[in-house]
Amino acid sequence: MNKPGQAANGGQRPIDIVKGGMVRRHRAERRFKIYGLSAIVLSLAFLSFLLISIVSQGYSAFQQTYIKLEINFDQNVLSGNLATANYQALVKKALYKLFPDVKGRGDKRHLAKLVSPGASFDLRKMVLADRHIIGTTREVWLPANDDVDMAVKGHYRRDVAESERRLTDKQLAWIDVLEHRQRLEKRFNVTFFTAGDSREPEQAGILGAAMGSFYTLIVTLVLSFPIGVAAAIYLEEFAPTNKWTDLIEVNINNLAAVPSIVFGLLGLAVFLNFFGLPRSAPLVGGLVLTLMTLPTIIIASRAALKSVPPSIREAALGIGSSKMQMVLNHVLPLAMPGMLTGTIIGMAQALGETAPLLMIGMVAFIVDIPAGFTDPATVLPVQIYLWADSPERAFVERTSAAIMVLLAFLIAMNLVAILLRKRFERRW
Amino acid sequence: MLKKVIVSVAILSLVLAAGMANAAGRDYISIVGSSTVYPFATVVAEQFGKSTKFKTPKIESTGSGGGLKLFCAGVGVEHPDITNASRRIKASECARCAKNGVTDVIEVKVGYDGIVLANSKKAKPFNLTRKDIYLALAKQVPDPAGGEKLIPNPYKTWKDVNPSLPAVKIEVLGPPPTSGTRDAFAELAMGGGAKKIKWIKALKKKNKKAFKKIAYTVREDGAYVEAGENDNLIVQKLVANPNALGVFGFSFLDQNTDKIQGSKVDGVSPTFENIAKGTYPVSRPLFFYVKKAHIESIPGMKEYLAEFTSEKAWGNDGYLSEKGMIPMPDKERGKFAEDVKTLSILSCGDLKK
């Protein structure tokens, strides 16, 4: 018998072996912790890089340069049909009055280009809303052209030769004069939140795309939530365990991993070509996205149902309730927070999806704000894609701004999911 | 919960029913087609929507080929009314249209688009010939040692191609094969260059297919970088990499003249005036095609066509030229405006096979 604490090999005690390896083990443990920590730091660095680059590019889009003009709502111009009157002439007249020494056709054209071509639509709206302003003179803030806007925001280089700039020397001088006379100002860009798409950056807004996303998600939610929950309840509470239910389960898990473009092709073949539903409609978009989010919702709902302890079910059945009563009155209320969380995450996924919508014609230029489920519409991520592809420089910042809006929606939805979980989740 | 489910199902069936009912008629114009014409067609559509009582047309950017496929699928509200194209309709596409009942098609040429090769302002401007472009970018080129033999492209720098060019590595960023810009670039710039070599030109007459393979196949060893369909991205990459050249439409050069410069091709700079005059060699016509059967049934069709073919849109000082489209000469404009007024129909026989 060895004495306790004395090692068999070479008289070394086990405690010494343990102590000898201690430094190494501590080091290994520290290293292991550092790996994990550096992984987190790295991903945070990427995330913050992404956010910083988007915000630093996009924040300026929330402001737009406006020019204050003294518009004379001339009776002679505004006679006859008010909807088609020459409002551009009013803008030009006001500009020429501001710079009376500008002569020559070319210079006058350059001067007129300082103001957005959309200004005439603003004036038309004013006149149609209130006819009494005809004949009066008013100070009106009108949006500046996108090139002026970019120059004021410092996105254009002023130090290159005149021929290599979008703005001429004279135009830059006029901008400086306007700024000096306090007739040029950066203001909050209301248009960005109230207008549909436009080819003029200063008139483009995201409301059209946001409404398209809204209608699409409504269809998705109305379809995928009840179907998903019903499927989960059946599979979890009623279905026998046999090879058919196994097969169904495997297929649901597979569906969750199918690339979304495949659902788009399916939508094209079934909803558009077979059922003849309209192209570019949120209705079809919602149907396609339903197919995509269903597996996510079913899987989340089943997990939520599984986490309800069997004792609840047994107690309900024990006091004589039917299986349906047990599910509807006892299990479902307890599983609901988990189901809602899964649904919201599925919806957030659907909100950011573009690939399946490409196939059903939702990648389109749509100016009018959709007012229903069958109006042509586009969605937020598609709008971002379309703007990123536009040649006008001012769309660069608007692209980033639209990304910020989309991210805000996603964060809000995920926040709701977290709150629901925190508020209602019960631990057993 | 159960009530909720029933209510939602009821709402949904209502929605579906509404959808079916709506599909029966359409009160807006539906346009599909080329991504090159898209920026111009959208401007016209917007102008049309804001200045008339009609709804703004819906425009999808599907590419020229994809657009013609949808356009030729049939007559009826579920099919598009107009398709844009950055090339002329092919005889095969016209036949397909006819087969599906789309017999009366009006062809409208709207203007020209230049394809430019540009680099960063930080570097010196290039002065290329089409032959240089072909030799630098083709997958197989004639053996520099002579003879009618092809070898895999051996050129590494522009100086290798032509001693008058700088000793800079050949690096060209351009669109992928799915793009119409790429097709036109291959045909006009590379094909034009290949024709400068006598025996290849002779081959074109004998064997068109073989010529196309030699002239239009772009090298795949990294000298030509497929930079995606997004031309803005190419511009950004050019600014970051002064040694690279980029291939894209004229409107992107027009918008970024403070950052990039267009290379001369065959001694001609890619300016608005040179493309309009037709002296710049790498330019192509842009078209749209209209279904005559839809002109009466879809509201606003006539007015949209009138807007697109008006002088204030496609004229010399029109708003489309502002967006970078190169207008047609006055006489050609007059002809196509007349075609639109009289609704004269394209005959498939006129297209070359």
Side-chain angles (χ1 to χ4, degrees), chain A residues 83-84 109 113 117-118 120-121 124 156-157 160 163-166 196-200 203 218-219 221-223 225-226 229-230 272 275-281 283-284 286 328 332-333 336 361-368 372-376 385-386 388-393 395-396 399, chain B residues 1-2 4-5 8-9 11-12 15-16 18-23 26 28 30-32 35 38-43 45-47 49-53 55-62 70 77-78 80 121 229-233 235 249 251-252 254-259 261 317 319 322-324:
Chain A
T84 56
R109 257 186 64 201
K113 269 188 202 158
S120 50
F121 300 118
R124 184 176 71 178
Y156 276 148
R157 288 172 54 185
V160 291
S163 64
E164 292 158 5
R165 270 190 261 117
R166 299 275 305 165
D197 197 4
S198 168
R199 290 283 300 131
E200 302 295 336
Q203 295 170 54
I218 291 281
V219 174
L221 183 68
V222 164
L223 278 174
F225 183 64
V229 169
L272 295 191
F275 285 114
L277 291 173
R279 267 179 89 81
S280 319
L283 173 66
V284 184
L328 287 185
L332 207 53
M336 207 33 101
M362 287 187 86
V363 180
F365 175 72
I366 285 146
V367 175
D368 299 331
F373 293 97
T374 53
D375 282 357
Y385 166 76
L386 288 173
D389 218 14
S390 302
E392 287 79 11
R393 193 85 70 81
F395 274 123
V396 175
T399 307
Chain B
M1 189 58 226
L2 197 63
K4 268 188 207 161
V5 172
S8 352
V9 169
I11 288 173
L12 192 85
V15 167
L16 275 172
M20 298 289 190
N22 241 11
R26 178 149 56 75
Y28 56 89
S30 165
I31 303 172
V32 293
S35 55
Y38 173 87
F40 310 128
T42 43
V43 180
E46 194 178 343
Q47 195 68 28
K50 283 193 173 146
S51 57
T52 63
K53 61 184 193 313
K55 280 194 178 176
T56 310
K58 176 193 85 180
I59 305 184
E60 284 179 53
S61 162
T62 60
L70 287 167
V77 283
E78 67 272 32
K121 275 252 145 94
E229 297 254 16
N230 189 329
D231 290 350
N232 265 332
L233 206 66
V235 171
S251 43
F252 285 84
D254 193 34
Q255 289 281 340
N256 293 290
T257 39
D258 59 333
K259 288 194 229 159
Q261 57 198 355
D317 290 324
Y319 54 74
E322 203 115 308
K323 287 284 174 188

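Numbered from 1 within each chain, the chains take letters A, B, ... in sequence-line order. Just so it is clear, the model here is predicted, and its values are computed rather than measured.
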Exercise: identify the closest heavy-atom pair between Glu60(B) and Ala364(A): CG-CB, 3.5 Å
Those residues that, when tested against Phe395(A), pass ring pair (Phe, Tyr, Trp, His ring centres under 6.0 Å) (two or more places apart): Trp387(A)
Region of Leu386(A) that comes under 4.5 Å of a non-hydrogen atom in chain B: side chain
Segment of Pro57(B) engaging chain A (4.5 angstrom heavy-atom cut-off): backbone
Top contributor to chain B contacts, counting heavy-atom pairs under 4.5 Å, from Ser120(A), Gly196(A), Ala388(A): Ala388(A)
Heavy-atom contact with chain A under 4.5 Å, split by part of Lys53(B): neither
Backbone N/O of Gly361(A) and side chain of Lys58(B): donor-acceptor pair under 3.5 Å: no
Shortest non-hydrogen separation from Asp368(A) to Thr56(B) and the atoms involved: OD2-N, 2.9 Å
Interface moiety of Leu70(B) toward chain A, non-hydrogen atoms closer than 4.5 Å: side chain
Interatomic distance, Phe365(A) atom CZ to Ile31(B) atom CD1 [nearest 0.5 angstrom]: 10.0 Å
Closest approach of Ser251(B) to Pro391(A) (non-hydrogen atoms, all atoms of both residues): O-CB, 4.3 Å
Euclidean distance, Glu46(B) CD relative to Ile366(A) CD1, rounded to 0.5 Å: 13.0 Å
Heavy-atom proximity to chain B below 4.5 Å, by part of Ser390(A): backbone
Side chain / backbone / both / neither for Gln261(B) at chain A, heavy atoms under 4.5 Å: neither
Contact summary for Lys323(B) and Glu392(A), nearest pair of heavy atoms: NZ-OE2, 2.7 Å
Partner chain A: residue of Val32(B), Asp317(B), Thr42(B) with the largest heavy-atom pair count (under 4.5 Å): Thr42(B)
Pro117(A) side chain reached by Tyr319(B) side chain, heavy atoms, under 4.5 Å: no
Sub-4.5 Å side-chain heavy-atom contact between Lys259(B) and Arg157(A): no
4.5 Å side-chain heavy-atom contact, Arg279(A) and Ser30(B): no
Portion of Ser61(B) that has a non-hydrogen atom of chain A nearer than 4.5 angstrom: backbone
Side-chain donor or acceptor of Arg393(A) paired with backbone N/O of Asn256(B) under 3.5 Å: no
Portion of Glu200(A) that has a non-hydrogen atom of chain B nearer than 4.5 angstrom: both
Considering all heavy atoms, the nearest Asp258(B)-Tyr156(A) contact: OD2-CD2, 4.0 Å
Validation row: Arg166(A), Asp254(B) side chains within 4.5 angstrom (heavy atoms): yes
Note, Gln203(A) side chain near Lys50(B) side chain (heavy atom, < 4.5 Å): yes
